[in-house]
Amino acid sequence: MITLTPKEQPEVPLEIDTITPDALAGKTLDEIKNIPIWHGNGQVPLIDFFEVEGEAGATAAETKILIDGDVSQTKRIGQGMTAGEITVKGSVNNYVGAEMEGGLITVEGDAKGWAGQNMKGGELEILGDAGDYVGASYRGDWRGMSGGKITIHGNAKSEIAEYMNGGKLIVKGDVSIMPGIHMNNGVLIIEGNVIARAGGEMAGGTIVIKGIIDEFLAGFEYLGVEKDIEVEGEVIPGAFYKFKGDYAIKGASGIIYAAVAGNAHIAP
Amino acid sequence: MEHIIKNGFVYCPQNGVDGEKMDICIKDGKIVEQVSSDANVIDASGQIVMPGGIDPHTHIAGAKVNVGRMYRPEDSKRDVEAGQSGGRAGSGFSVPSTFMTGQRYAQMGYTTAMEAAMPPLLARHTHEEFHDTPIIDHAAYPLFGNNWFVMEYLKDGDIDGCAAYASWLLKATKGYTIKIVNPGGTEAWAWGGNVHGIHDPTPYFDIESFDIIRGLAEVNEMLGLPHAIHLHCNDLGHPGNFETTLASFDVPKGIKANPQTGSRDAVLYATHVQFHSYGGTSWRDVVSEAPTVADYINKNDHIVFDVGQVTLDETTTMTADGPMEFDLHSLNGLKWANCDVELETGSGLVPFIYAARAPVPALQWAVGMELFLLTKDAAKVCLTTDSPNAGPFTRYPRVISWLMSNKARKDLIDGELHKWAQRKSTIATIDREYSFLEIAQITRSTPAKVLGLSDTKGHLGVGADADVAIYNFNPETQDPSADYRTLESAMQHAAYVFKDGQIVVKDGAVTNPTLRGRSYWVDTSVDETIYNEVVANVEKTFKQFYSVNFANYPVQDEYLPHSAPIKGVMQ
Amino acid sequence: MELVKNVVCPFCGTLCDDIICKVEGDEIVGTINACRIGHSKFVHTEGAMRWKQPQVRDENGELVATTYEEAIERAAQVLAKSKRPLMYGWSCTDCDAQAAGMALAENTKAIVDNTASVCHGPSVLALQDVGYPICTFGEVKNRADVVVYWGCNPMHAHPRHLSRHVFARGFFRERGRSDRTLIVVDPRESDSSKLADIHIQVGYNQDYELLDAMRAAMMGHEILYDEVAGVPKEDIKAVVEVLKKAQFGILFFGMGITHSRGKHRNIDTAIMMVQDLNNFGKFTLIPMRGHYNVTGFNQVATWESGYPYCIDFATGIPRYNPGETGSNDLLQSREADAMMVIASDPGAHFPQKSLRRMAEIPVIAIEPHRTPTTELADVILPPAIVGMETDGTAYRMEGVPIRMRKVVNSDLLSDREILEKLMKRVMEIKTASK
């Protein structure tokens, strides 16, 4: 286990995509301390902003990283990692777990934007809140998150699961607007409330919303009530309104399950 | 500054040099007979020496190219580079940014490239992008084939008027060539339609593609332009289109080439013919008709063409063939951009993934290869990928490796390439391998000649511009057929590249990124009375139907800091 | 008095190039053809205060007049030291200046961003996801039989727009206005909606909902609810039929949908609707860009770096992510530690939280007039005004490039010259400190 203890975090944020289990595997403590990280428009060694202790594994899968403190000013934690573990005892800035292919990241605090962007595999867990674009795609790319599992225990904001292509995203709290926008495949489960535009322009995939939806899009078709729905082999108990769409998109076959409780106003 | 490149294997088709070990002497930016003992010595032993490469058809500068960059940040993110040696950073895999474009061409040993499609109203944009394109000499082709003035003059049978207008437009846009794209079709697209075949009249203007092609071919020779008409045929990409293609090829036959500069003898330059060589009637029964097309080319001397080879990449299609792009978008569902340009032309863009495992791209790959390999005379073929339509220009070395190595093709055909390539074309039965001389033809001497630039470009004889490429590959000890990956690598990053006698690339890295090349354009003159009449007519039309003032339309001199006009006089 | 013809107006994205300026000596005293807004720029609005000399702020916070050399020295010191400098604005200057700015940004490893960030940025994000089917203005005049203005009020913001494109006679529309159906979509009644044949009063912040229903109807599906966005289902279907039957339709759109709830997704769904309408007739769109050369910056930035705005050069390669690398993102997150403003007025337009950061960090303003931005600036470098005192290229809202004219003389340096001097000095400082 390598333990990174943040020193005073700067106003101009840090980027530590060079500090993943893959990058640390097989390196000595001294080598790790001197890995360059970005601070604004200059590079500095990791040791400038983090105390470094412990031992890396021989492979990425055997390497664990503990970031022992708040890193709200640090971006790109775990970006692109293929195996191993990262635990953060605090909050993180943008891009945590972006493009990750495997392994496990646990953030005990909040995440800012783009958590799990273009994720391919592995598991990302945020115990606090997340920002916009959880599990979303990079600008312009119609191929978004394609695998892996993201769990947000708190709330998230807008455009989560944007252009989702596979994998699973669970938000236990509420979201703002446009969850699952342009979704093509995969599973999005929101246990809390949604303000508006769930599944906007979705072409495929499944969205399950257990909380209250303030407004629902008219481009969907109402298919009636279903009880104890099955999603990817798992049964979700309860009664749900079932919708298909978004028919703004040609040939759309996306499915939205909206809990019956509290959502009578969206059923036609 | 003097240089002497010693002992290299020189390939110079124009002067009949086929791999001879000889010295190349450079002085004051030109190839000379000999240099003094003070000359800088470059030891090119065991290396290939060729004139700088010439790309006669690529999309690298202008309005739709920039839409391609702007609307594909995901393509930009895929390939980024920091600035080197005082040069600038850039990005873009299929549509590189401008600094990167010039640098990557130079790294491959290319020193001249032609922007294939410039909407006249937007010409300023093309020239501004060239300001930021390092090293390469260049020119741009204004679009004529859907132009209201052209269609009206030709419909009226007023060939002199049309020639005067063309002369005016080439000057106003600082253009090089009469470029024709889907003649009549892009005007039909302004109403959401298209034309099919060369005898389908375009709405309102009621003129057939046949007459547009024929008329402009005559105008081209009346003006004595260095290049032939440059034609993108109707029905691009449609199964069964080979018939339209061969009919189009016949249209300018019989017209006599009359360039005032250079030594072009073709009267038709047909572009990205791969996309125009399909048989069958739909995407189910489509087959390659490349053998039929190649046969026509083998039997006819009035035509030179480029292939538009599919490189099996994810890329971005962009063309003035507006309706074709909408059809492509309807087929693959990917993001579609479009720009119709008043009174003149249009354009469209759609990303495209030519996956080797997919049936149609595999067939398209085979069609292009057949065209290269079944055309007997390399003096009729130019290497292009219609960049970025069939693939980015940075793949030219890969295409070269496929041409020189039957093994490379076999590895692909027996490997991941979809079986349609074998089943619907003859590619698996062809084992011809291009020689280095033939590669030098299709990337240097053939384009130079048909572009009318062969006095100073595309060869290493005395008097040529000292644009020279040296590749780290030894034709005596290395086998391009067996070592095709090494070949590709060697041609991707040249050992040395000279531009006008200055070293611009060394060991594959750009050394002089602040250099800028020449902007060629044609400055023709016609009968003054007709010219003035035509200009008066144009000015009147501007007032009524254009959205800019006539006085603000022509490209000002400020836009061509390295202006290289080619003069012509109408008979 | 002299008449200078074919002058290009340096105000809005309509970029009218038929302006005639009345000139006396080195002063423009009147105009012909310009709208009221353009005219006020040419003759300098009453009350506008023009900086005649560069200014720097002293230890007491007072502005002191100085030389270009001094002011550039002060500015260069700031930029050379900054770890996350932001270079914002660009929309009211020419393309050569914008290119000089891109070079400066790359060399100082800064973030460079333009006013699109608070304007049509959402349109850029949308076109990057779904595409961009446009045409040039002349196509509208000559062919359009259905014209839609959605979320904009051209009679106020682009005053000559309607007269040049809708009321004008075109090649195929010889009767001008009477050959066209004008549709305005706006929650309010406006001076533009009063001219419309059809005015759709969409509910505030519900344009996405309305477009979603329109698109489903266009695809042949039933609209789920009897009323969407305050518009009855039957009315929605009726307007969809008008759009489907267009021989040549055009959608002009502005801040009403780029900046209401959903922002770029409103544009995204509108673009896709226009694309799909091409399965019936012919339809295109044009974004109503505000500043006369906001488009130019996006063009220059794109061909030089691959990205249109919000470009982050901190790591030596261009990176792009509006929402993170946008000007307001960087100011509100307090990432930006220095700011250079040119050819724009964020002091007047940015939210309070951003201005609070601007007040904390060094601000360099390249700006002809006294503005809320220059109130926050530590260094003020006054340039000659493009289109009046110096020339250069500008790109109209739909991408047509026109050369701005120099009409009168000025002793001031151009934006481009200021930026080139700035870069030279910054590079000297950086090299010396190595």
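Naming convention: chains lettered A, B, ... in sequence-line order (proteins, then strands); numbering from 1 in each chain. Atom set for the values below is all heavy atoms of this structure, side chains included, hydrogens, waters and symmetry mates excluded.
By number of non-hydrogen pairs under 4.5 angstrom with chain C, the leading residue of E221(A), Q73(A), R76(A) is R76(A). No other option in A218(A), G200(A), P13(A) has as many heavy-atom pairs under 4.5 Å with chain C as A218(A). Ranked by heavy-atom pairs shorter than 4.5 Å toward chain A, the options R334(C), K233(C), M273(C) are led by R334(C). Options A336(C), A213(C), G316(C), G323(C) differ in how many heavy-atom pairs under 4.5 Å they form with chain A, and the most are formed by G323(C). Top candidate by heavy-atom pairs under 4.5 Å with chain A, chosen from I223(C), L211(C), L210(C), L224(C), is L224(C). The most heavy-atom pairs under 4.5 Å with chain C, out of G42(A), G140(A), G40(A), come from G140(A). The choice from W114(A), Y163(A), Y138(A) that makes the most heavy-atom pairs within less than 4.5 Å of chain C is W114(A). Chosen from R197(A), E159(A), M178(A), the residue pairing most often with chain C at heavy-atom distances under 4.5 Å is R197(A). In terms of heavy-atom pairs under 4.5 angstrom with chain A, the leader among R265(C), E209(C), M214(C), K109(C) is R265(C). Taking F243(A), F220(A), W142(A) one by one and counting their heavy-atom pairs under 4.5 Å with chain C, the maximum is reached by F220(A).
Residues R84(C) and E11(A) are not paired through a salt bridge, judged by the lack of any N-O separation under 4.0 Å between the basic side chain and the carboxylate.
Both the backbone and the side chain of Y320(C) come within contact range of chain A, each with at least one heavy atom under 4.5 Å from a heavy atom of that chain. Of the atoms belonging to D329(C), not a single heavy atom falls under 4.5 Å from chain A. If you measure heavy-atom distances from D226(C) to chain A, you find no contacts under 4.5 Å at all. For a residue to count as touching a neighbouring chain, one of its non-hydrogen atoms must lie under 4.5 Å from one of that chain's; by this rule A196(A) touches chain C with the side chain only. Only the side chain of I181(A) comes within less than 4.5 Å of a heavy atom of chain C; its backbone N, CA, C and O stay farther away. With a threshold of 4.5 angstrom between heavy atoms, Q43(A) does not approach chain C through any atom at all. When heavy atoms are compared at a cutoff of 4.5 Å, F216(A) approaches chain C by way of both its backbone and its side chain. M272(C) touches chain A through its side chain: at least one heavy atom from C-beta onward sits under 4.5 Å away, while N, CA, C and O do not. In this structure, chain C has no heavy atom under 4.5 Å from any part of D132(A). For L125(C), the part lying near chain A is the side chain, with the backbone staying farther off; criterion is any non-hydrogen pair under 4.5 Å. Proximity to chain C involves both the backbone and the side chain of H39(A), based on heavy atoms less than 4.5 angstrom apart.
A donor-acceptor pair shorter than 3.5 Å cannot be found between the side chains of E222(C) and Y222(A).
Shortest non-hydrogen contact noted between D212(C) and G219(A) is OD2-N, 3.0 Å. Across all non-hydrogen atoms, the minimal contact from M219(C) to A248(A) is CE-O, 3.6 Å.
At a threshold of 4.5 Å between non-hydrogen side-chain atoms, the residues Y208(C) and I177(A) do not count as touching. Side-chain atoms of E201(A) and R215(C), non-hydrogen and from C-beta on, do get closer than 4.5 Å to each other. Within the 4.5 Å cutoff, the side chain of S137(A) has no heavy atoms near those of the D129(C) side chain. You'll find the side chain of D276(C) stays beyond 4.5 Å of the side chain of K250(A), heavy atoms only. Taking 4.5 Å as the limit, some side-chain heavy atom of N41(A) sits within range of a side-chain heavy atom of K83(C).
In this structure, Y247(A) and H221(C) have parallel ring planes: the angle between them is below the 30° cut-off, well short of the 60° mark.
Taking CZ of R261(C) as the reference point, atom CD of E215(A) lies at 4.0 Å (rounded to 0.5 Å).
Other residues, nucleotides and ligands place more than 12 heavy atoms under 6.0 Å from the NZ atom of K75(A). Residue K7(A) qualifies as enclosed at atom NZ: its count of foreign heavy atoms under 6.0 Å is above 12.
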